[in-house]
Amino acid sequence: MLLLTCPNCGNRNVSEFRFGGELSSRPKDPSALSSTEWANYLYMRNNVMDAQTEWWHHNAGCGLWFLAERHTRTNEVIKTYPYAKRNA
Amino acid sequence: MSTSKTPIKLTPLHSITQRLGVTFTEEQGWRIPEVYTTEEDEITAARERVVLADETPNGKLLLEGDHAESVLMDALDLDPLQVNEGRDGIYCLRNDLFFITTPPGREVRAQKKLTTVSAASEQFVTVTEVTHGRAEIRVIGPASQELLSKVCGLDFHPAAFPNETAKQSSLAKTTQLIIRRDIGELPAFSIIGTQSLGVYVWDTLIEAGREFGVVPIGRAALAELIKG
Amino acid sequence: MRTEHDILITPNRLHPKGGEVIDRTTTIRFTFDGVEYTAHPGDTVASALTAAGVQVLSRSFKYHRPRGLLCCSGHCPNCLVQIGDEPNVRACTRPVEAGMEVRAQNVWPSLNRDLLSLTQLGSRFMPVGFYYKTFIRPQKLWPLYEHTLRHIAGLGEVHIDTPLGEFDKQYLHTDVVVAGGGPAGIGAALAAAEAGAQVLLFDENPTLGGHLRFTVPMDSSSPPEASKNLPELLEAVNHQPNITVFTDTSVLGWYQDHWLCAVKGTRLFKIRTKSVIVATGAYEVPLIFDNNDLPGVMLGSAVQRLVHLFGVLPGKQVVIVTANEDGWDVAADLQSLGVNVGAIVEERESNACSSPYRDGLINAGVPVFYRHIIVEALGSNAVRGAKITRIDEHGEISPKTTQSLHCDLIVTSMGWTPATELAYMAGGKSEYNEERAEIIPVSTPPGIYVVGRASGTHALDSQIAEAQQIGTAAAAFVGFGEVDGLTAHSPDISKPRRTSERVCVPGNKKRFVCYCEDVTDEDVQTAIAEGYDSIELLKRYSTISMGPCQGAMCSMNTIHLCAHANSSTIQETGTTTARPPTTPVTLGALAGQNMEPVQTTPIHQWHLDHGADMMVAGFWLRPNHYGDPASEAMGVRERAGLIDVSPLGKLQLTGPGVPELLERIYTNQWKNLPVGRVRYGVMCNDEGVVLNDGVCAHLNDETWYMTTTSTGATPIFEWLQWWLQSGWGEGIHLTDLTDAYSAFNLAGPQSRAVLEKLTDRNLTNKAFPYMRVRSAKVADVPCRLLRIGFTGELSYEVHCPSAYALHIWEALMDAGREFGIAPFGVEAQRILRLEKAHIIVGQDTDAMSDPLSANMAWAVKLDKPDFLGKPSLMRISTEGPKQLLVGFKMVDSDVVPDEGLQIVEPDADGRLTITGWVTSSRFSPTLAEAIGLCWLPPELASQDGAPFTIRIDGNLVEARVHHDAFYDPDGERLRM
Amino acid sequence: MWRSHELKKRYDVVIIGGGAHGLACAYYLAEEHGITDVAILEKSYIGAGGSGRNTAIVRSNYLTPEGVRFYDESVKLYEQLSDDLNFNVMFSQRGHLTLAHTDGGVNTMRRRAEVNQIEGVDSRLIWPDEIKRLCPYLDVSDHPRYPILAALYHPPGGIIRHDAVVWGYAHQADVRGAHIHQNTEVTGIKVKKGKVTGVETTRGRIKTGTVLNATAGWASTITTMVDIKLPLTTIPLQACVTEPLKPFLDVVVVSGSLHVYISQTDRGELVMGASVDPFSSYSMAGSLTFLEGIAGHVLELFPALSNVRILRQWAGICEMPPDYSPIMGFTPVNGFLIDVGWGTYGFKASPIAGKTLAELIATDKTPDLIAPFRLSRFEENDLVGEKGAASVGH
């Protein structure tokens, strides 16, 4: 079972978390998008077989939503960090 | 125009303890079990095996906010260290969220103090009393770690889970706050989670603890244990 | 004085000797196929039966050939039996219990006279994969063929009344796990523990020691008494506090981040460790020759287990077929017990043999045949003899030199293959070591180590030396002490090779590669010739290694045959994927204690005590009704009713930023909602699909109190937490109060009268109008009152602190008695809300429904700058919905169409086109007619009274669109 | 059964993915349209992907009319496939039960039954007494947590020998001239002026004007080679098998809310699967969580199986589209076609997917049957209604 490091609680079994999908931020001004651009935001995914930045929620723990960088083929978690530190 | 019956607070485990034909008592407005079998047997079970105690009446507050720590310090005029070490029932769940537990009844005063201080601080801090929302089951005794390691994936070895620490994790497939607060030499863990799951968690712990001879204990035995 | 029946008079029981695991002082009885046998405590079913002279234990899967003990270590399928309710039990590892009922599997009429073995007569027509090439035509006969095939196949039985059994689990945390408690495993555990690491040592046998328990260790450097190591090793383990031993426990699998699973009887262990040392030894590899599956053909290690652990001798006249020192080892063992070793058939030249027992055996007159190999096992139900031939200079057998030897036991010791599945699951890589003729692990990921026979090291002194090094390395890896660079592992070339490259001896009868599936070497050639030439295709086509032994007995031989047939190297041929579990594990152990979370409201017991019929709603148990939902509904319409709605999601939002958040997550306006007001809101995702609905009350300046559906409570809490923590959380705090408040909906024309008896709060319309929230003391308890109406009557939702729930509920029931109050359940609530045409998210809507189509356009304010779902709802509003949710009545008002029925339009020739479906329908007791909600095309839904047809039991039944609420369309009763 | 060939420089059609879909398409191209200059490129052995890892269930009792019509054609093709391919694929139409444990679940089953009947597919709602007759080992008592209220009974549904479908199509495609290239991985796709011109592989370059992406799990990694993004998330799907038992389970049993699929093979093993993993990944390692979950749920339905032993677990990877329906046909890049998005329901569609895509390649027109599954539906916000049942109707 994958070990995920919650930025707040430390190493925990992945069964304590809920996967939030690859990072895709909501457009700042949705009304500026064409319907195709909006459909792409809603539905299209990179779905890489590589390192991917994604959301996780420590729902059985401290309730923190945070980001993780994980290699999707090996499940190796490179790092996890709070959303606030995404540009750090 | 109030009715004749004065309001009495019941814990979520009240119905299953009632079925065991237990003698009840009242403390701080709560009806709680005084004793299940005999005080001596319950104390022996706690000292030699493992017991469960319904401590739902303990007061519970949540303090939320980026500046919760500073408000907490001002309110309880403590120096910062103690706040993070979980002394005197204050546990840091997240840098913006503190859990404060008080003996039954003392939560009202604590909430007032915190509310007035946070208002004065002009910081945006929210104080919420959640005593009614949580069931609190305390697992006490030498076999408590082994019992809990049948239903929870955390490492309960003393080095990994020392006294006076709080961890939020999955227990019996439900979200629980687990606080280790030993009673003298006896390891003791408070399992605090949403009250509608109280009966389910209690029944699951009783079933998992059968091999260790787990029994419930009432107020009398618990008080005696705490006196030491 | 030992009485008659204390002395076991069974043909194969040896007189007592040291190292036995049986208690000869007591006798227990069990039955096998109805016949009673005796055993000693510690005997396995197989050892007891062998002691009594029973050789045939099962019948093979396809040809139903008689099968007897082969490996005696729980890896081959030959001793699978049914014990009571338990199918597929390995008799050679299951201890005997008094009164056990053991039965052979898949035989008819009996084990010894199994008529199904007649299938062998047609074996010419049943080559590998025959079922793909037969029974094709005529197609309609296939079900008949299949029925017979199914009833011939299968092994054990599942009895329909088997009790569920008691199972549980335990999490363990440690620094180092050692899988395998043989000399190498013990040595590594001791070294790691001495360095300070916490070690868990697992072994599948009842006691530690591995092969030391039953073999005189083959160690050319020191004389036989090297076996004294076992007591020393056990002593050291007992005195090492850092080691915890688990016997009778198999490590089933390695999973990501050193997460291991092990099983001991009915308990499953789930282990988080930092390092794993794989010391699981090796499987002895069977030789393939004519009739090699005959009962009485056994592996050398199997005979030594029977002799040393259980004092049982499986045969009196033995032929040893070997290519390594182990064969001579077994010969010396048996010779010392007075057994007549009829011959040693040694594949190698005499100068290649270095066994210390050779001279002793030859001096004792044991005939030795160098450069010889067995070509056939003679006998029909059990071994009666062996045919052997010379091996010529080209390594081929020369049939002219064939001679027969009389014997009742053929022991083969031709070599080993490392049992390293755990290391390969963890990402270990292997290579075929030409010199050792074994597939050996050459690289393992950090924290994974392999030691002992599992890494190709057979000599005891080398094993112990390696174990010391590896144990120290593992401890250093987890942080205890350091070790200078660990030399890359390579098997000890100085010690003699233990495995022959010869795996198959040609012949003219059947030679079995896979015992579980009855696959012969000819089948392998045929399959490869037909194009199934990769090791994976060969496995899937021939089903080799897909049976109970999962390749323990056949993988190595199959790789050799596959490489040979493709004339490629063993390395090029490769291996199939190693998968958990390493040994089969019961569903009960994997399931463990039943832990299915159930949520109950604080007054759950009251409901049960008052005859409530409970229903499952998400994780909650809720009263569906108290006997008669229709009269419960009428009670609310005419008098007053009380329903427990505690499962409602209840979220507290505080802070200056809340109004802006509500604007963004709801589809309607929230900024201007004054304190004391309550508003209904619909939440959508960015696709415009309805996620949830509920009310939100503005309690005081910066405190809001939001409700959601009961199944929506946790999902919406997590949904809001995400938006707050990903950018929209400025000045907002969110707390889940779902269980902090219990909620009771007091509904009906008399509800004000009932409530007035319990509170001083002014309940008049002026002071407390519809869609308002008030704090009030009710029966001396501080509560929140929300004047909202899902049922369409005057009603108050009383939210009280949960510990007071029973007090408040009973107070309301007592106060209401004079007005004829009665509790009502979810079913009555569904009737009442349907009479008002209120939708239920999740029943009337699904994962495609938007609010504009679901008759909630009034709640969607598209003029707001932005909110979740707006772009999609803008598009739907311009293009117009494809379907609309609308009320309907039946023309024949007594017909109530089931929910889920389809709305259809017949074309000219009667073909039906589906245009919509019924989401809700009930017979309304108040209106005395059937009412419902359904999806319809917009052009139909927009005309009040428009007719359409519902398909009910194949015929088309007329219904009409009905726009307004069925009951009190103007909502006057709500505002009484 | 199939020969190995040298990689030609040029093929009329290149199919990426040697599973049941790709091989079926090659077969129908030759059989029905005479197009035989076809290469099937498989990076491993044929059937190594989803085709060799699924729980081999065949059914057509879907929710939407377009879904039901599509899968029903597949069932009809399966019914004659042994004869067509002269290879017994052992299609066992033993009946398929989808259990409902809540009122919502019963309504959804009724919805599917009604749509099925209207579309001419044999499917009906049955109640606990008939469920018990069809499947005596099921626990139809009213234990609180997951009571079996009703079931959608679909007699034509059943199980099949999935590898045999792969080998049968491979053999017949090979006989008709298609070249099956195993151990040949596509590493790049050449596009000039919006049109496909060739593919690069580990064994050399091929010129072609038509490329079909018939991979499952890896579809996005192929489609990114032509700069197209898909609405797919790759996620593991696990399964396991028990030791062989005498026959006792004569129907396929599926539970919506318990996410369990279980059937007994002709050899007597129970093959069991569940819903997709809780998080996306390309790893096929498999987890203990899956084994624990499925064991608990299977015992909830079949309490008599607690002594039955699991022999082996494995995992494959699949792609879940937002509306639980495939994505087939044309893409913005001319000549680059897709047969992807098959989630947990791909194997049962192999024949009809192969047939309709062969027709599309041959005629350059989208057959009506698969029009609802076009890639452009996401831009046109015309998602398939199967999504409706999936998330709500458990």
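Chain naming here is simple, since letters A, B, ... match the order of the sequence lines and numbering starts at 1 in each. All of these numbers come straight from a predicted model, not from anything done at the bench.
Here the CG atom belonging to A:Asp50 is positioned 11.5 Å from the OG1 atom belonging to D:Thr221, to the nearest 0.5 angstrom. The CD atom of D:Glu292 sits 6.5 Å away from atom CE of A:Met1, with the distance rounded to the nearest 0.5 Å. In this structure, OG in D:Ser283 is found 11.5 Å from NE2 in A:His71, a value given to the nearest 0.5 Å.
At least one side-chain heavy atom of A:Asn46 sits less than 4.5 Å from a side-chain heavy atom of D:Lys229. Here the side chains of D:Thr234 and A:Met49 are not in contact, with every heavy-atom distance at 4.5 Å or above. Considering only heavy atoms from C-beta on, D:Ser280 comes within 4.5 Å of A:Gln52 through its side chain.
The minimum heavy-atom distance between A:Asn47 and D:Ser220, with the atom names listed, is ND2-OG, 2.8 Å.
Applying the ring-ring contact (aromatic ring centres under 6.0 Å, His included) definition to pairs two or more places apart or across chains, those involving residues 21-52 of chain A are A:Trp38-A:Tyr41, A:Tyr43-D:Phe378.
For a residue to count as touching a neighbouring chain, one of its non-hydrogen atoms must lie under 4.5 Å from one of that chain's; by this rule D:Leu383 touches chain A with the side chain only. Heavy-atom distances place the side chain of D:Pro322, and not its backbone, under 4.5 Å from chain A. Proximity to chain D is absent for every atom of A:Glu37, based on heavy atoms less than 4.5 angstrom apart. For D:Thr289, the part lying under 4.5 angstrom from a heavy atom of chain A is the side chain only. When heavy atoms are compared at a cutoff of 4.5 Å, D:Leu230 approaches chain A solely by way of its backbone atoms N, CA, C and O.
A 6.0 Å sphere centred on CZ of D:Arg374 holds more than 12 heavy atoms belonging to other residues, nucleotides or ligands.
In this view, A:His57 and A:Trp65 satisfy the ring-ring contact (aromatic ring centres under 6.0 Å, His included) rule, not counting sequence neighbours. The ring-ring contact (aromatic ring centres under 6.0 Å, His included) search around D:Phe279 returns A:Trp56, not counting sequence neighbours.
Looking only at distances, a side-chain donor or acceptor of D:Ser281 sits under 3.5 Å from a matching main-chain atom of A:Thr72.
When each of D:Leu288, D:Asn381, D:Thr223, D:Thr233 is scored by its heavy-atom pairs under 4.5 Å with chain A, the top score falls to D:Thr233.
Within residues 3-24 of chain A, the residues approaching chain D closer than 4.5 Å by heavy atoms are, in numerical order, A:Val14, A:Phe19.
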